[in-house]
There are 2 protein chains.
Amino acid sequence: MKNIEIDEELYQHIASNTQYIGESASSILRRLIKLPTESTADLVVSAEPKIVEETAKEVVETQNSPVALDTNGSVFNYINKEELAMQRGAVGRFLLILAALYRVHNQQFSTVCQIRGRDRLYFAASEAELAASGSSTKPRQIPDSPFWVITNSNTTRKKMMLTEVGRALGYNEQDVEDIRDLL
Amino acid sequence: MKNIEIDEELYQHIASNTQYIGESASSILRRLIKLPTESTADLVVSAEPKIVEETAKEVVETQNSPVALDTNGSVFNYINKEELAMQRGAVGRFLLILAALYRVHNQQFSTVCQIRGRDRLYFAASEAELAASGSSTKPRQIPDSPFWVITNSNTTRKKMMLTEVGRALGYNEQDVEDIRDLL
DNA sequence: GACGGGATCGCCGGGATAATTA
DNA sequence: TCTAATTATCCCGGCGATCCCG
């Protein structure tokens, strides 16, 4: 840990970007600067270190896309466990996980729009599309992304959706499971 | 000037973005965050203590630190029991308790602004902000502080708010409970 | 009166589970 | 018909702000 000195105004600006009570300065700054979560720890429980390496490779080679644009890592680096744990319910975590996935895979992310239910859409580029595909689907925007998800489903289904998203983005089964279990 | 604590990796990242010798942490961060140069003055010369290495002890811990900067005790020393008892209703006590907390934690106090309801703000730096976030929220200024609180809520909710404030300021659960029970 | 406090009641969001369809 | 898959209704807990009381 290091200490840096900053002016009042900047301090206020940073503090005002706190996303959950007790969030550390590092966590806030990383978000503002768009730097991933600290690589070493912070991931607390589960998440094996090796997964990180494997995933990095997987990601880059993933299907037809031009780029994966992210040099150093898997989604797991983009997820702040503290922040996740902080969420009220499954919906908050669900959105946070999807936001992290979007950050890492923004290029291919639109492929998730193919994941859908029998007659409802699950993902789309607008609220209206989702709303039109079913009734009271409770669409929510995936934070910091142009995509929307349906939110009216039980937790089991949300997990299935995450599983499908993980597969669509080219993760191996082990990682897919880990992503699913974040929720 | 304020001090914040950040992890090594982030520190390196910031330092590596220095654009001229002697550039201050604030200046670098403003650029990275894309925030304009400080409005007021302060720009003056270069002679700021830049990135300070190990400002160590004096520094107020940034995140969930147990209390801070006050050598001889916790909030409890800053609360005058008689004055509390003398208040007409819960609102008076509520404000008094918050004022005491502000006195002890003025540095981090702004983090309480993150405590909020479903759609109302609970704390803010101005009456207007609170008023705008809901209707008849009855904002009151926390005495001798630049912060405001919402006052239209039942006692139970005021207690919950105190509980959250205690947590946000890093008190342990026992102290949090004691703070809550002051009301 | 009128003013401030805050209990109470209505509304909203989450998501388990009942209903529906393949 | 029976089962599996999917939808979306509806109950519950939590929050807001109206409105009653001191």
Side-chain angles (χ1 to χ4, degrees), chain A residues 20-21 84-99 112-124 127-143 148-165 167 180-183, chain B residues 84-99 112-124 127-143 148-165 167 180-183:
Chain A
Y20 55 92
I21 294 168
L84 256 192
M86 203 66 214
Q87 296 303 311
R88 289 261 187 83
V91 173
R93 291 194 297 280
F94 187 56
L95 293 174
L96 235 33
I97 296 165
L98 289 170
V112 306
C113 294
Q114 286 166 324
I115 302 167
R116 56 177 70 195
R118 188 179 56 221
D119 33 39
R120 294 200 287 191
L121 293 178
Y122 286 166
F123 298 87
E127 173 172 22
E129 275 174 88
L130 296 183
S133 77
S135 86
S136 42
T137 53
K138 312 276 182 71
R140 297 280 297 270
Q141 186 159 24
I142 298 174
W148 292 69
V149 218
I150 255 170
T151 266
N152 180 304
S153 67
N154 55 36
T155 305
T156 319
R157 178 153 305 278
K158 288 188 190 88
K159 286 189 171 184
M160 291 169 72
M161 288 164 75
L162 283 181
T163 299
E164 291 311 310
V165 171
R167 292 208 180 108
R180 168 210 168 86
D181 289 339
L182 288 170
L183 201 152
Chain B
L84 254 193
M86 161 161 290
Q87 295 304 309
R88 282 264 192 68
V91 173
R93 293 194 296 280
F94 187 55
L95 293 174
L96 237 31
I97 296 164
L98 289 170
V112 307
C113 294
Q114 289 308 307
I115 302 168
R116 54 177 71 194
R118 188 180 55 222
D119 32 41
R120 295 200 285 193
L121 293 178
Y122 286 167
F123 297 87
E127 172 172 22
E129 273 176 90
L130 296 184
S133 77
S135 87
S136 42
T137 54
K138 312 281 181 66
R140 297 283 295 271
Q141 186 160 25
I142 298 174
W148 292 68
V149 218
I150 254 169
T151 266
N152 179 304
S153 67
N154 56 37
T155 305
T156 318
R157 171 145 260 97
K158 288 189 192 85
K159 287 189 171 183
M160 291 170 71
M161 288 165 75
L162 285 181
T163 300
E164 290 310 311
V165 171
R167 293 211 179 105
R180 168 208 170 87
D181 289 340
L182 289 170
L183 201 152

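Throughout, a chain's letter reflects where its sequence line sits, starting with A, and its residues are numbered from 1.
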*asked:* Regarding B:Met161, tell me which of base, sugar-phosphate or nothing describes its non-hydrogen contacts under 4.0 Å with the strands shown.
replied: nothing
d([atom1], [X]; [atom2], [N]) in whole Å:
X	N	atom1	atom2	result
A:Lys159	C:dG14	NZ	C1'	16 Å
B:Lys138	C:dA2	NZ	C1'	12 Å
A:Arg120	C:dA22	CZ	P	15 Å
A:Leu130	D:dA8	CG	C1'	15 Å
A:Arg93	C:dG15	CZ	C1'	12 Å
B:Ile150	D:dA17	CD1	C1'	10 Å
B:Arg116	D:dG16	CZ	P	11 Å
B:Gln87	C:dG4	CD	P	16 Å

Between B:Tyr122 and the options B:Arg157, B:Lys158, B:Glu164, the side-chain hydrogen bond (donor to acceptor under 3.5 Å, both in side chains) test singles out B:Arg157
Per nearest nucleotide of DNA chain D, the residue lying toward the 5' end, B:Ser135 or A:Ser135, is A:Ser135
Has B:Arg157 got a side-chain N or O lying under 4.0 Å from the OP1 or OP2 atom of D:dC15? yes
**Report entry** Phosphate OP1/OP2 of C:dG14 contacted by A:Arg140 side-chain N/O (<4.0 Å)
**Finding:** yes
With respect to the side chain of [X], which nucleotide from [options] is positioned closest?
X	options	answer
B:Val91	D:dG16, C:dG14, C:dG5	C:dG5
B:Tyr122	D:dA8, D:dC15, C:dG14	D:dC15
A:Asp119	C:dG15, D:dT6, D:dA17	D:dT6

Might you list the N or O atoms of the protein lying below 3.5 Å from N or O atoms in nucleotides 7-10 of chain C, with each pair's distance?
from  : atom 1 : to       : atom 2 : distance (Å)
C:dA7 : OP2    : B:Thr155 : N      : 3.3
C:dT8 : O4     : B:Asn154 : ND2    : 3.1

